[in-house]
Amino acid sequence: MQTINHQEIEKKWTEKWLKSVIYKTPENVDPAKKQYILPQLPYPSGSGLHVGHAEVYTACDIYARYQRMIGKQVLQVIGWDAFGLPAENFAIKTNIHPRINTDKAIENFKAQITALGASVDWDRTVGSHNPDYYKWTQWFFLLMYDRGLAYRKKQAVNWCDSCKTVLANEQVVNGHCERCDTEIVQKDMEQWFLKITEYADRLSADLDKIDWPAETIKRQKDWIGRSEGALVKFEIKLQESGIRNLESDKTDRNSNGVLKQVQDRISEDKTTSYELQTTKFLEVFTTAHDTIFGATFVVLAPEHEMLQELQSQITNWAEVNQYIQATKFKTELDRQQEKVKTGIKLDGVGVINPMTNEEIPIFVADYVLGGYGTGAIMAVPGHDERDFEFAEKYHVPIKYLVAGAENKFLSYSGDIKGNTDKYHLINSGEFNGQSFTEARPAILKKLEDLGVAKAQIQFKLRDWSVSRQRFWGAPLPMIKRMAATDEEKTKFSGNPEKVVQLHAWGSKKSEHFHQWLKDELAKLKIESVIPDLPEPYTPIFNEWLKTAMTVINQDLENQVLIGRSLSTWTALKIAESVKLRKLILLCPVSPVDAYIKGIKKIISEQEVITSIENFIYQNQIDLKKVQENCGEIVIFLSTNDPYIPFVETEKWFRENLPFARIFRVKNAGHFNADAGYSTFPTLLKEVLAEVRPDLRRAKMDDLPVILPDDVDFKPTGQSPLTYSPHFQDGVAEKYGNEWSREVDTLDTFMCSSWYYFRYLDPKNDQAFASEKALKTWMPVDFYLGGPEHVNGHLLYSRFFTKVLFDAGYIDFDEPFTKHRHQGMILGEDHRKMSKRWGNVINPTDVVEKYGADTIRIYEMFMGPLEQSKAWSDAAVRGVRRFLDRVYTFSLNAKFVNDSPETEVELHKMLAKVTNDTAELHFNTAVSEFMKFLNYVEAHNISEKLWKIFILSLAPYAPFLTEEIWQTLWFEKQSIHLERWPKYDESLLGKSEIQIAVQINGKVRGKINISSDTDEAIAMGLAHQEANVEKYLNNAIIKKVVYVPGKILNVII
RNA sequence: GCCGAUGUGGUGAAAUUGGUAUACACGUCAGACUCAAAAUCUGAUUCCUUUUAUCGGGAGUGAGGGUUCGAUUCCCUCCAUCGGCACCA
């Protein structure tokens, strides 16, 4: 047998392929033919490529090569997730800049991947640590910020004391740091968060429309944790006389660990308390509101702010406070691991169960989590195991509500499988005797009618903390006022006191969102005015201004001013002289002639800019002053506004009001009712949102904010950028003396959340990717990556994509149409590969010893792509033997003429390989190649058919097949530019097949038959089989089951 | 604890909608070649059983049960392994 000189041919062909650029991404792509194949972005670790990487790149590469051969236009790129803690920690240890080792590791990875024969377009590679990449990571952060999705808040966060940084929930594994295994502690710190929770519903629901592994979809759904239930208010009963001073309620918005949405809700409640003067409510979230008759106590999380509010009423405060303080010192892990529930009853206070009207006690206990729901529960010990355990320990009465049930813990909301109507309610007042299906909606309705409940959907998902106190990441592109006091930071944390809305040209104050918004604000007891601007069809700027000024309260800073369309300019002029909490400009139409002649549909871009500038000049509006006066400026633009050339307008505002948040809304027209009401709630949210006057976005032309090199990156708990001597250079000139750059860096997951967009257009310095490139290539057709990223990277990428969709940049809202995970490759000892076990296989060693084709085919042959499987060196040699036999046969073959049988065999093989490759069943495709070679060695073959075999092997063994193709057979063009051979369907059924003859279901013989033979002939053949006849002889045939081409079963 | 996935030879594994269980490969054994070994080639290889050898017979896809002419595949109960979540009300 001839042995392949793999080292020689691999070197030769790698160079030739590179020179002839055969793997370059095609230009002029037909959308119907595009195929975007994406291997997961690797972290370029110093220890080099792992066999698991090799599996991913090989699988993607075989698939990509196959797609090219069937005529698809393929995009396949590999880039580098280069920022991150391991590189930084290594840098700290060695005192070498992380860039040096990272770039070295990247070179190494690239060489190793190239050696595997991966047909990657390296011209498009990206590294997330390069400024031309992280410029756009920063841009994405600002996109989030512009849309109100990035916020800074003091919260209890996960702190790793060894890495000296904050971690996302996804990076905490069993209470330990994912990277260094240090136990995580909770620490109150001000951090940047992204509001991924705002997308929780869509992130959960849209999982149903993508082709992902079922268990992955399930895991992501569980992580998002959607549950349907109700918010129920319990009236608080104070036993001491006299009501507390409610003024103290105002300072509650920054309390620890309680979600913003909860706080919003509680502040709603406050309005109720103001109104009734004597009533306070405790709100709980429950999914089993129908068990409320059994609620015999309520429980607050130790973080719950109501505890502080009730302090003066709680007669055993000292004891309660001690408990609260004690839980503060417990780690999340301690709290999880404690199996025995603890808690304290609050003396002196209680709540009223709204259904039974009985007074029930309040407890504080750490089995209730501050971060979920409202941080408070109604406890139903009869139907909840946790509540039961607690009630037994603290001797609270237990009430059962279900008759006929064996399991006392069932809640009749959802736990009962099958026929729920065999149980009925007891102890449930007017609902006694009802079935669960009847009672659940009826009880909710009753509670709603009483005004104490509303249906509510809750999520487990928390907002994503993205700031890191580390060096090796993209700087966070924000600036902050250095001397900001707590007072400045929090002065706009509550609701605004007044909202002024200015209507548009030719419109009335009752139109569009104006009245709706006013009604919504009234519910929150926020004053809102909409002045009638004079002569709306022939407006005069100064007249509008004069009228508007009459409703502005110039002494009230906590005020929101909204200018819509033409009144944008009125609002701007007002903001020049009046201090405002927030200025909102909705669809700012150009002021060209409009104050007299009315608004035209889109005018030329030049006209717009000229008209705006003339207007600003004529009316002497000082935009700098406007920025200084406003806590925040938000400009809403719609991507299809008929009156506004949206791109130019956006650009002008970016330049002239650089601190403004520009909020792009997809297809909202001119923000009128015609375009749908979907923007109305967004506007309301924006009116109510907290404003941080001490924080501003970086200007666009300041991007990228360069990560400085002059930094001592040793961890101190302070962000290392604090100590850079030059990081703040030029900031005063750009932003003013009192401002400085944010010194935190961004979580590396932000870098990897959008890289697949950058591959499309990696050198674009005007956008993260051009519209054309996005339209051509996205979404990703096939994404292969590890299952460890399900609740991190994969969730974040979907989030980013949905935000881009909402902002009108793209017209799809799921990035990865088809996604699969590769299984883990274990060592020969069936253990996870690890230095500790000494069972690590280095793919490059295998390439050197046996060749790239061998490791490619071996890793595919090991088993199904998604399964974990153990390495076997002996089996690697088996694959190598197969390739040597292919080579030897090609070299020495004395080909014969075509024979029909061989042709049938070939097409059977080709059909199987074609389908298996398309379906990613690479392991069975390889076994089909081997089977076919066995056949060929026994029967010989014609040259024509053998060529077809070699072609079909090309995606799997690119080097060997190229060598045979060009060197042995003198073909002029690379085999990798050839077309995939088509199998002939008509040949597949032609051959004679063997089917089993069964007697009473047991195989007694086999007959050769074609698939269209009828039953009588088949029976005749069966009788000729001696062993079959032995049974049929003298027997009475009761039944014959004959499935042509499959089986003949005779029942006697 | 809850949820999910997976259990097939000595090993990795295969088996379209239920239709010859163990393809393909590794390993092992025997033989060929060789002074010898490696490499290579040929053959055997689920277990039990019958037989001088065939031809046969029985059991068999984690265990037990069910549906069916027929079950690795569908249903029920249980066990084991792996993975995820972990007081989410």
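Here is how names work: the chains are called A, B, and so on, in the same order as the sequence lines, proteins then strands, and each is numbered from 1.
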Subject >> Contiguous pairing runs of three or more, Watson-Crick or G-U under 3.5 Å, that involve RNA chain B >> reply: B:1-7 with B:79-85, B:10-12 with B:24-26, B:27-32 with B:40-45, B:46-49 with B:56-59, B:62-66 with B:74-78

**OP:** Any pair with a residue in residues 211-230 of chain A that passes ring pair (Phe, Tyr, Trp, His ring centres under 6.0 Å), sequence neighbours left out, goes on the list, sorted by first then second residue, please.
**Re:** A:Trp212-A:His819

By side chain to side chain contact (heavy atoms under 4.5 Å, CB included) - contacts of [X] (at least two apart):
X	value
A:Lys460	A:Tyr372
A:Ala893	A:Phe889, A:Phe895
A:Ala870	A:Leu826, A:His830

Has [X] got a side-chain N or O lying under 4.0 Å from the OP1 or OP2 atom of [N]?
X	N	value
A:Lys1002	B:rA59	yes
A:Gln867	B:rA13	yes
A:Tyr367	B:rA89	no
A:His830	B:rC82	no
A:Tyr1031	B:rG56	no

**OP:** Sugar-phosphate atoms are those with a prime plus P, OP1 and OP2; base atoms are the rest. Using that split, label each nucleotide of nucleotides 19-26 of chain B B, S or - for protein heavy atoms under 4.0 Å, 5' to 3'.
**Re:** BBS-BBSS

Quote, to the nearest angstrom, the [atom1] distance that separates [N] from [M].
N	M	atom1	result
B:rC82	B:rA23	P	29 Å
B:rA25	B:rA13	C1'	9 Å
B:rG64	B:rG9	P	15 Å

Does [X] reach a base, just sugar-phosphate, or nothing at all? Heavy atoms under 4.0 Å.
X	answer
A:Ser868	sugar-phosphate
A:Arg1004	sugar-phosphate
A:Pro787	nothing

**OP:** Take A:His921 and A:Met862, find for each the nucleotide of RNA chain B with the closest heavy atom, and name the residue whose nucleotide sits nearer the 5' end.
**Re:** A:Met862

Subject >> 5' precedence on RNA chain B between A:Asp387 and A:Asn1027 (nearest-nucleotide basis) >> reply: A:Asn1027

Original post:
Residues in side-chain hydrogen bond (donor to acceptor under 3.5 Å, both in side chains) with A:His1023, at least two apart?
Top reply: A:Glu1029

**OP:** For A:Glu55, enumerate each residue passing the side-chain hydrogen bond (donor to acceptor under 3.5 Å, both in side chains) test, keeping only those at least two apart in sequence or located in another chain.
**Re:** A:Lys869

Original post:
Mind checking whether A:Tyr1042 and A:Asp1014 have side chains closer than 4.5 Å, heavy atoms only?
Top reply: no

Original post:
Do A:Lys393 and A:Thr342 touch side chain to side chain, with heavy atoms closer than 4.5 Å?
Top reply: yes

**OP:** Ignoring hydrogens and angles, answer whether the base of B:rC69 and the side-chain atoms of A:Lys1038 contain a donor-acceptor pair closer than 3.5 Å.
**Re:** no

**OP:** Enter syn or anti for the glycosidic conformation of B:rG9, syn applying to angles within 90° of 0.
**Re:** syn

Subject >> Residues which pass salt bridge (charged side-chain N to carboxylate O under 4.0 Å, His left out) with A:Glu228, listed by chain and number, not counting sequence neighbours >> reply: A:Arg226

Subject >> A:Tyr858/A:Tyr850 under ring-ring contact (aromatic ring centres under 6.0 Å, His included): CA gap, chis, key distance, verdict >> reply: CA-CA 10 Å; A:Tyr858 171 67; A:Tyr850 300 108; 9.4 Å; no

